**Q** 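Take this structure, written in structure tokens, and hold onto it; I'll ask about it next.
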Amino acid sequence: MKKRLTAGLCALVMLLAAGCGRGDSDAYRQINSQISQSQDAGAPAPGAPRNQRPRELTGHLTIKTFWDEQMETIIQDFTALHPGVTIDLVKAGGENDVRSLDDYGTQTVSGGGPDLVDMAGFSVWKCARSGLLCDLYTFMDRDPEFRREDYYTNVWEGKEYQGGLYSMPCSFLYKTYWVSRPLLEEAGIHPPDTLTYQQMLQLQEEVAAATGESPRLIPGMNPYTFFYTEALSYYDLESRTARFSDPAFLDYLRLTKEKIPVLPNNDMDRVVYNDSFMEKDYLFSDMSISSGSDLMPFLLDHKNITGPVLLVNTAGDASFRSMRDYAIPSSSKNQELAWEFLKFYIGPREYPEEMDSAEAQKYYFTYCAFIPINRANFFQSFRFWHRYTRPFQERDMAEYPDLRWKEGGREALLQRTLERIDGWNCQVSREEAEGEIFGECSEDLAAYYYHDLLTAEETAERIQNRMTIFLQE
């Protein structure tokens, strides 16, 4: 039975390798059925990849992390498979210790000793430009065991710098939005598959005109809501140029100041079980796709929402945010072993069939907390978490007696939902603007939106000057 489970999983990997978004649904359904029928196969050790006999590895690694609280568990799983490897984990200072973060970055990228580096909060492209990081494509190309086609390569392409991949997004997430079904139906409007911020604001005006209602746009939004996606259109890392003086950016500043509330809206409603606020109060609701915990609204028969629709910028790019981003410094003396560890981190794995709730929660936060970069892992991890949270979901649903599961069979519905999300996973194409870039612009944006100290033209000019200096540093 164990052999049959492994064979089914391997067949699933082969199917998904057919190309992002082009898998055969019937074949996937058949393979998934074989896997679900093999529950007596016995659970593997948590985190174990699908390699039956892992290659013997020896050596020592130093891994430096800032954000990744689950790294200790991953190290334990890796060294359990490879007893000949020892690993030192070095953690940076507290989350708000900026000086510690600065010191951490300086020591890490200038030959301070680690073999694998958590790049959270750092400009990967700056480190790559300075020759401080290894191109991970080099390791992929000379590793006969590694199959690029098993991964969301579009995410890698969205992170490339001069054709190289200098950090590995072990997982990612992105934004979609639910739309109010009653408001759209009353207005006689059908939403498109994707929406830009301009289209969202235009749709708000059209709905108000057609219905006489005055719905707010999105719960919890503020004037910065769209900046991370829109800013991508106005700078280029490879040419190190900025064009925030472009008339389109001026239009963005004026429109968002006019249409979006100046003060943050603390109403952070998101659709899970209750969608009543989407009947007339709001036109959109944030539906960030990040993990299996986001599946519930897709499976329930909500009467007030439709969609969701994927957010794109004015250039048509759907952006993503990298999570748990790791790089191999060029100063590392153990680069091949660091690659083996990174490959284990992102590689295909068997998700356990049987686990108590405490173990399942630990496993979830270690391997399933975001969308895995490995495509087969996405399908399996989302199913894994749905399976373990379903009893709690059904308990919570009892508070909403009118709420029902959608028709068509829950398993078939789950599969269709996963295939739909997989299509979006394959569609995202640009990494969101780095936090450091927003930091460069935040002072001027605050002066413009919140304090009326700058005009749109002055704000654009200041941001243009700041970004020109930032890109040339």
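FYI, side chains are in, hydrogens and waters are out, and symmetry mates aren't considered; it's all heavy atoms of this structure. Everything numeric here is computed off the predicted structure, so don't read it as measured data.
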**Q** Strictly below 4.0 Å, N to O, side chains only: are R254 and E258 in salt-bridge contact?
**A** no
**Q** If you look at every heavy atom in F284 and L195, which pair is closest and at what distance?
**A** CE2-CD1, 3.5 Å
**Q** Look at R270 together with D275 and state whether they make a salt bridge at an N to O cut-off of under 4.0 Å.
**A** no
**Q** Using a 6.0 Å cut-off, check whether atom CD of E394 has over 12 heavy atoms from anything other than its own residue.
**A** yes
**Q** Nearest 0.5 Å, please: how far is OH in Y235 from CD1 in I463?
**A** 12.5 Å
**Q** Could you tell me whether K175 and D286 make a salt bridge, using a distance below 4.0 angstrom between a side-chain N and a carboxylate O?
**A** yes
**Q** Would you call the rings of Y161 and W125 parallel, tilted or perpendicular, where under 30° means parallel and over 60° means perpendicular?
**A** tilted
**Q** Ignoring hydrogens and geometry, is there a side-chain-to-backbone donor-acceptor pair from S123 to K126 under 3.5 Å?
**A** no
**Q** Give a yes or no on whether the backbone of V428 and the side-chain of N154 come within a donor-acceptor separation of less than 3.5 Å.
**A** yes
**Q** Could you check whether atom CD of Q361 has more than 12 heavy atoms from other residues, nucleotides or ligands sitting under 6.0 Å from it?
**A** no
**Q** Just checking, any donor-acceptor pair under 3.5 angstrom between side chains of Y449 and N222?
**A** no
**Q** Please lay out, stage by stage, how Q202 and E206 fare under the test side chain to side chain donor-acceptor pair (under 3.5 Å).
**A** CA-CA 6 Å; Q202 180 64 32; E206 292 175 1; 3.3 Å; yes
**Q** Would you check if there is a donor-acceptor pair between the side chains of Y234 and R243 at a distance under 3.5 Å?
**A** no
**Q** Please confirm whether the backbone N or O of R404 pairs with a side-chain atom of D301, one donor and one acceptor, at under 3.5 Å?
**A** no
**Q** F320 versus E431: any side-chain heavy-atom pair under 4.5 Å?
**A** yes
**Q** With rounding to the nearest 0.5 Å, note down the distance linking CG in L283 to OH in Y177.
**A** 12.0 Å
**Q** Working to the nearest 0.5 angstrom, can you tell me the gap between R383 CZ and Y388 OH?
**A** 14.5 Å
**Q** Apply the test side chain to side chain contact (heavy atoms under 4.5 Å, CB included) to residues I371 and N425: give CA-CA distance (whole Å), side-chain angles for both, the deciding distance (0.1 Å), then the verdict.
**A** CA-CA 8 Å; I371 303 170; N425 295 349; 3.7 Å; yes
**Q** Measure across K406 and F298 and return the closest heavy-atom pair with its distance rounded to 0.1 Å.
**A** NZ-O, 3.1 Å
**Q** Can you confirm whether more than 12 heavy atoms, excluding those of R462, are under 6.0 Å from its CZ atom?
**A** no
**Q** If the threshold is 4.0 Å, N to carboxylate O, is there a salt bridge linking D444 and R466?
**A** yes
**Q** Do you know the tightest heavy-atom contact between F384 and C368?
**A** CD2-SG, 3.9 Å
**Q** Out of curiosity, E458 CD to L253 CG, how far, rounded to the nearest 0.5 Å?
**A** 12.0 Å
**Q** If you take all heavy atoms of L250 and A456, which pair is closest and at what distance?
**A** CD2-O, 3.4 Å
**Q** Any Lys/Arg nitrogen of K280 or E186 sitting under 4.0 Å from an Asp/Glu carboxylate oxygen of the other?
**A** no
**Q** Should R148 and E157 count as an ion pair when the cut-off is N to O under 4.0 Å?
**A** no
**Q** If the plane angle is over 60° it's perpendicular, under 30° parallel, otherwise tilted; pick one for Y345 and Y326.
**A** tilted
**Q** Side chains of Q415 and E411: is there a donor and an acceptor less than 3.5 Å apart?
**A** no
**Q** So does T314 get a backbone contact from the side chain of E230, meaning a donor-acceptor N/O pair under 3.5 Å?
**A** yes
**Q** Using only atom types and a distance under 3.5 Å, with no angle test, would you say the side chain of H190 pairs donor to acceptor with the backbone of E185?
**A** no
**Q** Between the side chains of T455 and Y448, does any donor sit under 3.5 Å from an acceptor?
**A** no
**Q** A side-chain contact here means heavy atoms from C-beta on lying under 4.5 Å apart; do Y174 and E432 qualify?
**A** no
**Q** Could you check whether K259 pairs with E205 (Lys NZ or Arg NE/NH1/NH2 to Asp/Glu carboxylate O, under 4.0 Å)?
**A** yes
**Q** Mind checking whether F249 and Q464 have side chains closer than 4.5 Å, heavy atoms only?
**A** no
**Q** Keeping Q380 on the side-chain end and E350 on the backbone end, is there a donor-acceptor pair under 3.5 Å?
**A** no
**Q** Out of I305, I189, T306, which one pairs with V179 under the side chain to side chain contact (heavy atoms under 4.5 Å, CB included) rule?
**A** T306
**Q** Could you tell me if the side chain of K257 sits less than 4.5 Å from the side chain of D452, heavy atoms only?
**A** yes
**Q** Quick one: CD on E213 to CG on D281, what's the gap to the nearest 0.5 Å?
**A** 9.0 Å
**Q** Go through the steps to decide whether L136 and L342 satisfy the test side chain to side chain contact (heavy atoms under 4.5 Å, CB included), and finish with yes or no.
**A** CA-CA 10 Å; L136 300 181; L342 192 56; 4.0 Å; yes
**Q** State, to 0.1 Å, how close Y351 and P372 come at their nearest heavy-atom pair, and which atoms those are.
**A** OH-CG, 4.5 Å
**Q** Where do P182 and M278 come nearest, in terms of heavy atoms and distance?
**A** CD-O, 4.2 Å
**Q** Looking at side-chain heavy atoms only, is the closest gap between I289 and I421 below 4.5 Å?
**A** yes
**Q** Using a cut-off of 6.0 Å, state whether more than 12 heavy atoms not belonging to E359 lie near its atom CD.
**A** yes
**Q** State, without any angle test, whether S239 and T241 hold a side-chain donor-acceptor pair at a distance under 3.5 Å.
**A** yes
**Q** May I ask you to decide whether K159 forms a salt bridge with D325, counting only side-chain N to carboxylate O separations under 4.0 Å?
**A** yes
**Q** Go through the steps for R216 and Q204 under the test side chain to side chain donor-acceptor pair (under 3.5 Å), then give the verdict.
**A** CA-CA 8 Å; R216 286 169 282 180; Q204 184 185 31; over 6 Å; no
**Q** Can a cation-pi geometry be assigned to R349 and Y367, taking NZ or CZ under 6.0 Å from the six-membered ring centre and within 45° of the ring axis?
**A** yes
**Q** Would you check if P297 and Y273 make a side-chain contact, meaning some heavy-atom pair closer than 4.5 Å?
**A** no
**Q** Look at the side chain of D396 and the backbone N and O of Q393, then say whether any donor-acceptor pair between them is shorter than 3.5 Å.
**A** no
**Q** Taking the side chain as every heavy atom from C-beta outward, state whether R321 and F172 have any atom pair closer than 4.5 Å.
**A** no
**Q** Which distance, rounded to the nearest 0.5 Å, do you find between the CE of M323 and the OG of S171?
**A** 6.5 Å
**Q** When you measure from the side chain of T366 to the backbone of T73, do you find a donor-acceptor pair of N or O atoms at a distance under 3.5 Å?
**A** no
**Q** Looking at D422 and L418, would you say the former's side chain and the latter's main chain have a donor-acceptor pair under 3.5 Å?
**A** no
**Q** Should the heavy atoms of other residues, nucleotides or ligands under 6.0 Å from CG of D193 be counted, would the total exceed 12?
**A** no
**Q** Check whether the side chains of S233 and Y252 place a donor and an acceptor atom closer than 3.5 Å, and report yes or no.
**A** no
**Q** Do N377 and S381 get their side chains close enough for a donor-acceptor pair, meaning under 3.5 Å?
**A** no
**Q** Can you confirm whether H302 sits close enough to N304 that some side-chain heavy atom of one is under 4.5 Å from a side-chain heavy atom of the other?
**A** no
**Q** Going by atom types alone, do Y224 and S442 pair a side-chain donor with an acceptor below 3.5 Å?
**A** no
**Q** Run the ring-ring contact (aromatic ring centres under 6.0 Å, His included) test on Y151 and F146 for me, step by step, so that the C-alpha distance in whole Å, both residues' side-chain angles and the decisive distance to 0.1 Å come before the verdict.
**A** CA-CA 10 Å; Y151 297 84; F146 193 79; 4.9 Å; yes
